[in-house]
Amino acid sequence: MVETELTLEPEVLNILEHIKNGNNFLLSGGAGSGKTYSLVEVIKQVILENPTSQIACMTYTNAAVKEIERRVNNKSLRVSTIHDFLWDSIKSYQRELKRVLVELANDESIKEIKSPDGVIDFDYFIGKEIRYKEYTLIREGIISHGELLVLANHMYATYSKLCDILKSKFKFIFIDEYQDTSPLIIEIVLDHLKKSNRRNTIGFFGDSMQSIYDDGVGDLNKYVSSGYVQEVKKEQNRRNPRLVYELSNKLRTDGLVQKSSADNTAPNMRNGVVKEGCIRFYYSKFEDKLDALKKDELNWNFADSNKTKELNLTHNLIAEKAGFENLMAVYDGDKILDYRNRIKKYIKDNNICEDFSTFTFGEVIEKLLDGKFANAQRKSILPTDAMQRFIDLNHSLYEEAKKHPYDEFKRIYVDKDALLDDKKENEEDESKTNSKRDNLIKHLFKIQVNVSLYREKRFNEFLRKTEFKIKTSKDKEHLKEVIDRLQELSSATIEEVIEYASEEGICKKDDKLLDFIRSNNYIYNRVKEISFQEFQNLFDYLEGRTPFSTQHKIKGSEFDNVLVVLDNGNWSKYNFQYLFEGGGTASVLERTRKLFYVCCTRAKENLVVYYHNPSDIALEKAQDWFGVDNVFCI
């Protein structure tokens, strides 16, 4: 045992001492500190010292699950996402699940769980099994992610026997990236489990400065200050060069100060000394010069997306740069659909019981304007100024929308996740099991993937995924002609490519696509006229083949060269001006600071920040953080 301990980090030894003393613990480590390495070392040592004990490790993503399983291959360890762990722990108790689900559905204060039938009886779910899926159908007993968290929390709060069972099964429960964990999960493991007299250890690994998602707990300060959780700080930095982690130290607000690692083999060390790195702050006055900065000032290869990234706050800021702005305009910015929502709200709020089943959208508007509410509430029926400007610019689109049957038009749902979900940061990333992309975008993906398989000479996979049959040499020649033709159709419309790919057996129009076209005809009519090249640009972006990423999606990744663009993109939850000048609400300032911290700490070699038209006060802050000699006007 002594030989093993000599190789362990001081932080790991500290954690093992807390475990020995029966304490729950928290490993707090800044970006690039090697928290996952510490987690793995703790798990290995706990297995060594407790060979008959079961260990649960919860983490945030499936990719993280596979990484930890790869590094610790042991039957005593159960690694899973938080949702999977929770469901596995309660799914067998169907009688209790049904009882609690009825209680929650009838509780008006619980917004996450609602029955479509209003107040329901205790026997509502008799004959049904409560199941956990990617979608919600309460009437059938099907719950999804949001409902699961509330349901599991209530189950553990209600049934102390569950707490006994969980603590008996797992002597150790470790939670990775704890700051992103729902407060409901923290309640389960730190509050509800107290009801059981059985003993186990709860350990957390993460960084409160990287809590950039709104639904995460953020920190465990109240548990640490009460002594119920013992904090161990990991101050070393193994990723970033000196200038980058010294900048990040200035951004932290929790007192944790990073320093270079004592490990000479750490990735940010060279010949036993931490790399110096390079940090620069560029700004422009009057004219936006981001393109000039990338072209003339930075000697970076932006075509190499594995080494270089440009980070923007929103997908909207990226869409034009990456070449899919028209698709983005359909899925995030259609003010006619916003107007449709305004009409729906007006009908609901005024309890209008008119039968509109035979009306078009335009006829519904006319009926409301001619109705008894028209004079008093005409303003509530008409478009807002922003909606009217959009309508004026898209007159023919509006005229088409008015012709749609209202019953169909009111059900159309569009969201940018249907276009952009499941973005990879590089081509090696795995796709999610269940993507939120809609069936039109999924179909276009299948076309592009099949073409890519042929180009990459992965013919067996290609043939399994297509309806194309090869029996003779002529079939092979024809297939080559078809693929060449599809490549030539980049400038054709999306509809033309869908039709051609279907006719030639490359990707048949299936029931899911046909159903999308029927039920979302308004959306399809907009998308089908866009060039297929735009979709190909979107495909490259989502597959991680471009240098662009949103600042939220980059968390957990690292690159040699990182360019952070400071543009709020009309998102009121963030404000880089507040960050550099002060002011604004505390929540917006904290949210923006943490996001900026995450972005800066992605850099393994070079960090550049670009700010268009900053104030003199902002420049003073930039000089303070980056150094006077590292602030440049272009």
Side-chain angles (χ1 to χ4, degrees), residues 1 3-21 23-50 53 55-61 63-74 76-80 82 170-181 189 201-211 219-220 223-224 229-240 245 248 252 254-269 274 555-558 598 601:
M1 190 66 64
E3 288 184 11
T4 303
E5 290 186 351
L6 287 174
T7 65
L8 297 176
E9 299 176 318
E11 299 89 356
V12 171
L13 292 173
N14 199 344
I15 288 170
L16 294 173
E17 189 65 23
H18 283 305
I19 291 175
K20 181 180 177 182
N21 295 330
N23 299 326
N24 299 321
F25 67 87
L26 159 64
L27 178 73
S28 293
S33 61
K35 295 182 290 296
T36 302
Y37 176 83
S38 297
L39 168 62
V40 167
E41 291 303 297
V42 168
I43 292 173
K44 287 180 177 178
Q45 194 65 19
V46 165
I47 290 173
L48 192 64
E49 296 180 10
N50 303 268
S53 298
I55 303 165
C57 179
M58 289 180 264
T59 189
Y60 206 65
T61 65
V65 169
K66 290 182 179 179
E67 176 63 16
I68 294 169
E69 285 178 334
R70 184 185 67 81
R71 292 163 72 171
V72 185
N73 183 15
N74 191 286
S76 297
L77 176 66
R78 157 79 195 287
V79 192
S80 63
I82 290 168
F170 295 109
K171 187 175 180 181
F172 304 93
I173 298 176
F174 300 141
I175 299 180
D176 191 22
E177 300 288 355
Y178 81 89
Q179 72 278 355
D180 298 327
T181 304
V189 297
T201 299
I202 313 295
F204 302 90
F205 297 77
D207 180 13
S208 62
M209 270 302 289
Q210 296 186 67
S211 58
D219 62 62
L220 299 178
Y223 299 101
V224 172
V229 174
Q230 301 296 316
E231 183 176 23
V232 176
K233 292 186 177 181
K234 188 173 189 182
E235 297 175 333
Q236 64 173 291
N237 186 297
R238 301 173 55 85
R239 173 196 299 153
N240 307 121
Y245 71 67
S248 70
R252 294 194 73 98
D254 61 354
L256 191 151
V257 178
Q258 286 193 300
K259 56 191 178 184
S260 63
S261 172
D263 179 6
N264 289 338
T265 65
N268 61 352
M269 303 291 281
V274 66
K555 185 179 168 185
S557 301
E558 54 185 39
V598 167
T601 52

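All heavy atoms count here, side chains included; hydrogens, waters and symmetry mates do not. Each residue takes its place number in the sequence, starting with 1. The model shown is predicted, which means the values in this text are computed figures rather than measured ones.
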**Request:** Decide, yes or no, whether a salt bridge links K66 with E69 under the criterion of side-chain N to carboxylate O below 4.0 Å.
**Result:** no
Nearest-0.5 Å distance, [atom1] of residue [X] to [atom2] of residue [Y]:
| X | Y | atom1 | atom2 | value |
| --- | --- | --- | --- | --- |
| Y178 | L220 | OH | CG | 5.0 Å |
| I68 | N73 | CD1 | CG | 13.5 Å |
| I175 | M58 | CD1 | CE | 4.0 Å |
| T201 | N24 | OG1 | CG | 6.5 Å |
| M209 | Q179 | CE | CD | 11.0 Å |
| Q45 | L8 | CD | CG | 5.0 Å |

Salt bridge (Lys or Arg N to Asp or Glu O under 4.0 Å) partners for [X], two or more places apart:
| X | result |
| --- | --- |
| D207 | R252 |
| D180 | K555 |
| R239 | E558 |
| E231 | none |

**Message:** Set out, in order, the CA-CA distance, both residues' side-chain angles and the distance that settles side-chain contact (heavy atoms from CB on, under 4.5 Å) for E177 and T181, then state yes or no.
**Reply:** CA-CA 7 Å; E177 300 288 355; T181 304; over 6 Å; no
**Message:** As a quick check of understanding, evaluate side-chain contact (heavy atoms from CB on, under 4.5 Å) for I55 and N74, giving each step before the final call.
**Reply:** CA-CA 10 Å; I55 303 165; N74 191 286; over 6 Å; no
**Message:** A quick test of your reading: do over 12 heavy atoms of other residues, nucleotides or ligands sit less than 6.0 Å from CG of N21?
**Reply:**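 Count over threshold, so yes.
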Write down the atom of [X], the atom of [Y], and the distance for their closest heavy-atom approach.
| X | Y | value |
| --- | --- | --- |
| D254 | K233 | O-NZ, 4.0 Å |
| D219 | S208 | CB-CB, 4.0 Å |
| K35 | G30 | NZ-O, 3.1 Å |
| N240 | T601 | ND2-O, 3.0 Å |
| S28 | L256 | O-CD1, 3.7 Å |
| V189 | I202 | O-CG1, 3.9 Å |

**Message:** Taking ring pair (Phe, Tyr, Trp, His ring centres under 6.0 Å) as the definition, give me every residue that meets it alongside F25, ordered by chain and number, with sequence neighbours left out.
**Reply:** F174, F205
**Message:** Run the ring pair (Phe, Tyr, Trp, His ring centres under 6.0 Å) test against F170 and tell me which residues pass, sequence neighbours left out.
**Reply:**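 Only F85 meet the ring pair (Phe, Tyr, Trp, His ring centres under 6.0 Å) criterion with F170.
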**Request:** With sequence neighbours excluded, tell me which residues meet side chain to side chain donor-acceptor pair (under 3.5 Å) with Y60.
**Result:**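 Expected list: none.
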**Prompt:** In chain order, what residues pass the side chain to side chain donor-acceptor pair (under 3.5 Å) check against D176, with sequence neighbours excluded?
**Reply:**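 In terms of side chain to side chain donor-acceptor pair (under 3.5 Å), with neighbours along the sequence ignored, D176 is linked to T59.
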With sequence neighbours left out, what residues match [X] under side chain to side chain contact (heavy atoms under 4.5 Å, CB included)?
| X | answer |
| --- | --- |
| S38 | E9, V12, L27, K234 |
| N50 | V46, S53, K171, F172 |
| S261 | Q236, R238, D263, A266 |
| Q230 | H18, N23 |

**Intermediate values then yes/no, side-chain contact (heavy atoms from CB on, under 4.5 Å), E49 and I19** = CA-CA 11 Å; E49 296 180 10; I19 291 175; over 6 Å; no
**Prompt:** Is V274 close to N237 at the side-chain level, that is, under 4.5 Å between some pair of heavy atoms?
**Reply:**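 Counting from C-beta outward, N237 and V274 never come under 4.5 Å.
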